Amino acid sequence: MLSGFVQRERLADARLLFERLPEKDIVSWNAMISGYAQNGNMIEAKHFFVESPCKDVFTWTAMLSGYAQNGMLDEARMVFDEMPERNSVSWNAMISAYVQHRKMVEAEELFNVMPCRNISSWNTMVTGYGQAGMIDEARRIFDKMEDRDAISWSAMIAGYTQSGHGEDALHLFIEMVRNGARMNRSSFTCLFSTCADIAVLECGMQVHGRLVKAGYGLGCFVGNALLAMYFKCGSIDEAYIAFCEISKKDVVTWNTMIAGYARHGFGDKALEVFDLMRKTGTKPDEVTMVGVLSACSHTGLVNKGIDFFHSMHQDFGLKPRAEHYTCLIDLLGRAGRLAEAKSLMKDLPFQPDATMWGALLGASRIHHDTDLGKKSAEKIFELEPDNAGMYVLLSNLYASSGSWAEVGKLRVMMRDKGVKKVPGFSWIEVNNKVHNFSVGDTVHPEKAKIYAFLEELDLKMKKAGYVPSTKLVLHDVEEEEKEHMLKYHSEKLAVAYGILNMTPTRPIRVIKNLRVCEDCHNAIKCISLIENRLIILRDSNRFHHFRGGSCSCRDYW
DNA sequence: CTAGGGTTAG
């Protein structure tokens with residue numbers, strides 16, 4: 001009963017009950033301590049700790065992990081040093097405290113000297129190195145393990161995913177299946193997140209199949225992860241089905257749904273879901289509002305977005321954070337209301353950050369305001385001198401107004417500062433295999449076929465009235481050569497490969513690591529009409545659904 | 001009653 005109250009965060013009830021207990025044993029004292037500790041009230045926890053007539057390992061460890069979980073690392077260490085006896089849980093709690101504070105040296109020191117390590121100790125270290133981005137160290141620990149459980153595998157897979165090694169994550173998944181490891185809900189959650197990250201829909205669907213086979217429902221995190229996976233893999237229909245199957249929808253479920261529709265350019269749908277969410281009595285949080293505002297932004301619902309921004313505080317008691325201001329600046333900027341966006345930047349309750357200037361830079365790119373773009377970019381350079389993406393954006397801005405001298409200066413700046421442009425690449429999954437393409441790819445085995453097809457397509461497109469927008473290419477080169485370079489952008493190659501190799505009725509899903517360029521965007525619109533295909537492109541910013549010659553972003557991205 | 005993994009936005 002007591003721990004039931006504690007677990008449901010009904011600490012006041014727990015306390016009343018505790019005070020009326022005729023006999024308070026050590027377990028009831030410990031329940032109170034851990035209750036306060038885990039709810040962040042270390043003052044009360046300490047109070048009960050001091051008052052408790054006798055203390056065992058549980059008592060001390062509850063205090064230790066309480067301090068650790070509330071960011072009080074030094075206090076946690078003091079408890080650890082003072083405790084009269086320690087079991088493996090205490091050791092693991094202390095290691096976990098270091099891990100949470102990214103102090104891997106201290107964590108490994110303890111790990112090496114602890115008297116008996118169990119599987120949790122190993123798992124904590126793998127997780128720690130994974131989260132710290134030290135993926136080789138994580139693997140070193142993982143490889144040394146004698147026994148692995150579901151958590152060990154998920155920790156390692158999650159480490160690969162979160163450090164951008166999606167393919168290694170999937171390989172390890174295959175190895176895990178081959179090893180006959182049992183999977184639990186968390187392993188599935190983790191796998192969905194990996195599939196979402198690198199957008200491998202077919203693989204994700206197979207994992208979904210395994211989830212069903214294992215007899216797990218869509219409760220807790222798994223359902224939400226599945227939902228996010230379908231959205232991030234570009235399959236809205238499957239996402240909707242998953243949404244319907246999640247019986248207990250929590251705030252994350254709704255947020256995923258709203259943000260998902262928003263990223264795909266279906267702002268109206270996102271707002272419908274937001275409406276439904278409120279009708280079913282789920283209280284929106286800050287993340288919800290980021291989704292709602294970005295839905296308005298991507299759909300061009302400017303006034304509605306401004307209203308939602310104000311309603312945050314008035315109707316939902318939420319204080320707008322930096323993210324929300326960024327959305328608002330983006331919203332105004334995209335709609336061409338640059339003056340309002342600029343004045344909002346001046347009246348911010350805090351210093352504008354790089355992403356806000358980035359939103360302004362994006363807006364000035366769309367509306368060809370070179371001066372504002374230049375000013376924004378300079379601010380970004382001050383705040384983030386190594387941001388390669390910003391050099392490219394500014395460079396394109398100059399190029400589009402023909403200021404080749406400025407473009408040249410930027411290139412020199414990039415070289416002097418050692419800023420490297422992130423190479424663009426695109427990929428597509430066909431028959432369970434991922435095909436990668438880079439600009440002007442020369443390594444794909446079917447390149448001859450792809451290029452021939454693109455040439456052929458090019459003629460048809462010219463007949464249909466398509467004019468390449470060569471001004472966005474970074475260099476000042478001869479027109480013909482520029483056009484040639486554009487034709488071979490990675491997203492075009494991936495799309496061509498998809499058309500050549502996929503059943504005509506199926507959508508072509510392509511993922512690009514950077515933002516799609518304007519010319520490719522125009523070209524793919526045209527291709528969707530000529531070839532009568534649905535082409536779904538995920539770029540670093542959002543989704544584009546090309547169909548019948550137009551895009552779901554309505555050229556507004 | 002104490003330790004380990006997982007979901008949404010930018």
Side-chain angles (χ1 to χ4, degrees), chain A residues 2-3 6-7 25-35 37-38 52 56-66 68-69 79 83 86-97 99-100 118-128 130-131 149-159 161-162 183-194 196 218-229 231-232 246 250-260 262-263 285-295 321-327 330 353-356 358-359 541:
Chain A
L2 190 62
S3 61
V6 168
Q7 276 158 24
D25 61 3
I26 192 164
V27 176
S28 47
W29 279 98
N30 288 347
M32 289 310 294
I33 293 171
S34 82
Q38 278 168 21
S52 67
D56 61 5
V57 200
F58 286 89
T59 327
W60 287 92
T61 310
M63 285 302 287
L64 195 175
S65 81
Q69 280 160 27
V79 172
M83 47 199 301
R86 303 179 191 114
N87 60 15
S88 46
V89 179
S90 334
W91 281 91
N92 290 346
M94 194 62 230
I95 292 174
S96 158
V99 160
Q100 279 162 30
N118 58 18
I119 205 159
S120 286
S121 328
W122 290 87
N123 289 346
T124 308
M125 292 303 294
V126 172
T127 310
Q131 286 172 348
D149 61 9
I151 292 179
S152 327
W153 289 96
S154 341
M156 194 61 227
I157 292 172
T161 305
Q162 287 154 8
M183 296 205 278
N184 58 23
R185 284 182 175 78
S186 312
S187 340
F188 282 112
T189 306
C190 180
L191 283 167
F192 286 137
S193 156
T194 302
L218 296 187
C220 314
F221 289 4
V222 212
N224 293 337
L226 181 74
L227 183 61
M229 185 274 287
F231 267 125
K232 289 187 176 172
I246 298 174
D250 63 7
V251 66
V252 175
T253 317
W254 292 103
N255 290 354
T256 308
M257 205 63 191
I258 292 168
R263 284 182 77 87
D285 66 6
E286 283 89 350
V287 178
T288 318
M289 297 316 290
V290 173
V292 169
L293 292 175
S294 82
R321 297 196 302 221
E323 297 94 308
H324 302 108
Y325 282 98
T326 306
C327 285
D330 185 55
D353 62 19
T355 55
M356 290 175 190
N541 213 27

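No hydrogens, no waters, no symmetry mates; every other heavy atom, side chains included, goes into these values. Please read these numbers as outputs of a predicted model, since none were measured by experiment. Numbered from 1 within each chain, the chains take letters A, B, ... in sequence-line order.
Distance check: E286(A) CD to E323(A) CD gives 8.5 Å after rounding to the nearest 0.5 Å. The distance from atom SG of C190(A) to atom CE of M156(A), rounded to the nearest 0.5 Å, is 11.0 Å.
Between the base of dG5(B) and the side chain of N184(A) there is a donor-acceptor pair shorter than 3.5 Å. For S154(A) and dG5(B), a side-chain-to-base donor-acceptor distance below 3.5 Å is absent, hydrogens and geometry of angles not being considered. Not a single donor-acceptor contact under 3.5 angstrom links the side-chain atoms of D149(A) to the base of dG5(B).
Backbone-only engagement by S65(A) is indicated by non-hydrogen atom pairs under 4.0 Å involving sugar-phosphate atoms exclusively. When heavy atoms are screened at a 4.0 angstrom cut-off, S90(A) is found touching no nucleic acid atom at all. Among the protein residues, S96(A) comes within range of the sugar-phosphate backbone only, with heavy atoms under 4.0 Å from sugar or phosphate atoms but none that close to a base. Within 4.0 Å (heavy atoms only), N118(A) reaches at least one base atom of the nucleic acid. Within 4.0 Å of I119(A), counting heavy atoms only, lies at least one base atom of the nucleic acid.
Contact annotation: Q38(A) reaches the phosphate of dA3(B) (side-chain N/O to OP1 or OP2, under 4.0 Å). Of the side-chain N and O atoms in R263(A), one or more sit less than 4.0 angstrom from OP1 or OP2 of dG10(B).
Candidate nucleotides dA9(B), dC1(B), dG4(B) were compared by shortest atom distance to the side chain of I151(A), and dG4(B) ranks first. Side-chain proximity of S186(A) to the nucleotides dA3(B), dG5(B), dC1(B) is greatest for dG5(B). Side-chain proximity of N255(A) to the nucleotides dT8(B), dT2(B), dG4(B) is greatest for dT8(B). In the set dG5(B), dT7(B), dG10(B), the nucleotide with an atom closest to the side chain of N224(A) is dT7(B). Residue E323(A) has its side chain nearest to dA9(B) when only dA3(B), dT2(B), dA9(B) are considered. Distances from the side chain of V287(A) to the nucleotides dT7(B), dC1(B), dA9(B) place dA9(B) closest. Distances were taken from every side-chain heavy atom of A93(A) (C-beta onward) to each of dT2(B), dG4(B), dA3(B); the shortest belongs to dA3(B). Of the listed nucleotides (dT8(B), dT2(B), dA3(B)), dT8(B) has the atom at the smallest distance from the side chain of T256(A). Listed nucleotides dT7(B), dG5(B), dT2(B) differ in distance to V89(A); the shortest reach to its side chain belongs to dT2(B).
A 4.5 Å side-chain heavy-atom check between M356(A) and Y325(A) finds at least one atom pair inside the cut-off. Looking at heavy atoms from C-beta onward, I119(A) lies in side-chain contact with S152(A) at the 4.5 angstrom threshold. Using a 4.5 Å heavy-atom cutoff, the side chains of T61(A) and M83(A) are in contact.
When the P atom of dC1(B) is taken as reference, atom CZ of F58(A) falls 9 Å away, rounded to whole Å. Distance R321(A) CZ to dA9(B) P: 14 Å, rounded to the nearest Å. Atoms CE (M125(A)) and P (dG5(B)) sit 13 Å apart, rounded to a whole Å. When rounded to the nearest whole Å, the span between CG of D330(A) and P of dG10(B) equals 10 Å. Atom CG of L226(A) is separated from atom C1' of dT8(B) by 14 Å (rounded to the nearest Å). Following rounding to the nearest Å, M63(A) (CE) and dC1(B) (P) show an atom-to-atom distance of 18 Å. Summarising the geometry, the separation between CE on M289(A) and C1' on dG10(B) is reported as 16 Å, rounded to the nearest angstrom. One can place CH2 of W122(A) at 16 Å from C1' of dA3(B), the figure rounded to the nearest angstrom.
Stacking of F221(A) onto the six-membered ring of dT7(B) is present: less than 5.5 angstrom between centres, less than 30° between planes.
No side-chain donor from either of N184(A) and D149(A) sits under 3.5 Å from a side-chain acceptor of the other. Looking only at atom types and distance, the side chain of N224(A) has no donor-acceptor partner in the side chain of N255(A) under 3.5 Å away.
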